[in-house]
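Accompanying notes for the structure given below.
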Amino acid sequence: LKARPNVKWIVSVDVDSYMFVDNLLHFLRQYDYHHRLYIGNWSESPRAHRIHGKYAYGGGGVFLSKPTVEMLSLCTASCLMAYGRVYAGT
């Protein structure tokens, strides 16, 4: 974020997903990127819902506003300590 101070959204999508940038930008305009926002589709796994609750996942994309990423970056070290043994993919 320091290298790109004008960033509004951070996007993560699977490598086999297509993004139509004009449509994506139109969709994101309805949200105020100044707020902490976490947008995505729920995990498809009922087992994951039971264990972890419902959460957005990669598949069709996860969209985080800049304030959300800034907040998450504050707890990265403690998350790695607590969950470093959990594999989340690359």
Side-chain angles (χ1 to χ4, degrees):
L1 293 177
K2 291 178 183 176
R4 297 185 183 268
N6 295 326
V7 163
K8 297 174 184 173
W9 297 97
I10 288 74
V11 178
S12 174
V13 297
D14 283 356
V15 68
D16 60 350
S17 295
Y18 290 97
M19 290 189 352
F20 294 92
V21 177
D22 289 340
N23 293 345
L24 177 59
L25 293 174
H26 179 74
F27 170 77
L28 290 174
R29 278 191 203 105
Q30 69 184 306
Y31 298 100
D32 185 350
Y33 62 86
H34 294 98
H35 296 280
R36 293 179 186 156
L37 296 170
Y38 175 68
I39 302 167
N41 206 5
W42 287 351
S43 168
E44 297 169 343
S45 167
R47 181 175 181 268
H49 292 184
R50 286 192 305 276
I51 296 170
H52 306 291
K54 294 183 178 177
Y55 58 92
Y57 78 113
V62 174
F63 305 86
L64 305 170
S65 63
K66 183 177 180 178
T68 301
V69 174
E70 290 171 335
M71 179 199 61
L72 291 172
S73 71
L74 298 175
C75 66
T76 301
S78 62
C79 286
L80 289 173
M81 293 285 289
Y83 304 105
R85 71 189 191 306
V86 176
Y87 176 76
T90 56

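Note that the coordinates shown come from a computational prediction; the quantities given were computed from them, not determined experimentally.
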For this session: Give the cluster check for Leu37 versus Leu25: same hydrophobic cluster or not, with ILVMFWY residues linked at side-chain heavy-atom distances below 4.5 Å.
Result: no
**Q.** Check against side-chain contact (heavy atoms from CB on, under 4.5 Å), Met19 and Val11
**A.** CA-CA 11 Å; Met19 290 189 352; Val11 178; 4.2 Å; yes
Are any side-chain N or O atoms of [X] and backbone N or O atoms of [Y], one a donor and one an acceptor, separated by less than 3.5 Å?
{"X": "Lys66", "Y": "Asn6", "value": "no"}
{"X": "Asp32", "Y": "His34", "value": "yes"}
{"X": "Ser12", "Y": "Val62", "value": "no"}

Look up atom [atom1] in [X] and atom [atom2] in [Y], then write down how far apart they are to the nearest 0.5 Å.
{"X": "Leu72", "Y": "Arg36", "atom1": "CG", "atom2": "CZ", "result": "9.0 Å"}
{"X": "Thr68", "Y": "Ile10", "atom1": "OG1", "atom2": "CD1", "result": "8.5 Å"}
{"X": "Ser65", "Y": "Glu70", "atom1": "OG", "atom2": "CD", "result": "8.5 Å"}
{"X": "His26", "Y": "Leu24", "atom1": "NE2", "atom2": "CG", "result": "11.0 Å"}

Taking the side chain as everything from C-beta on, heavy atoms only, tell me whether Tyr31 gets closer than 4.5 Å to Trp9. yes
In terms of heavy-atom contacts, Val13 and Ser17 come closest through CB-CB, 4.3 Å
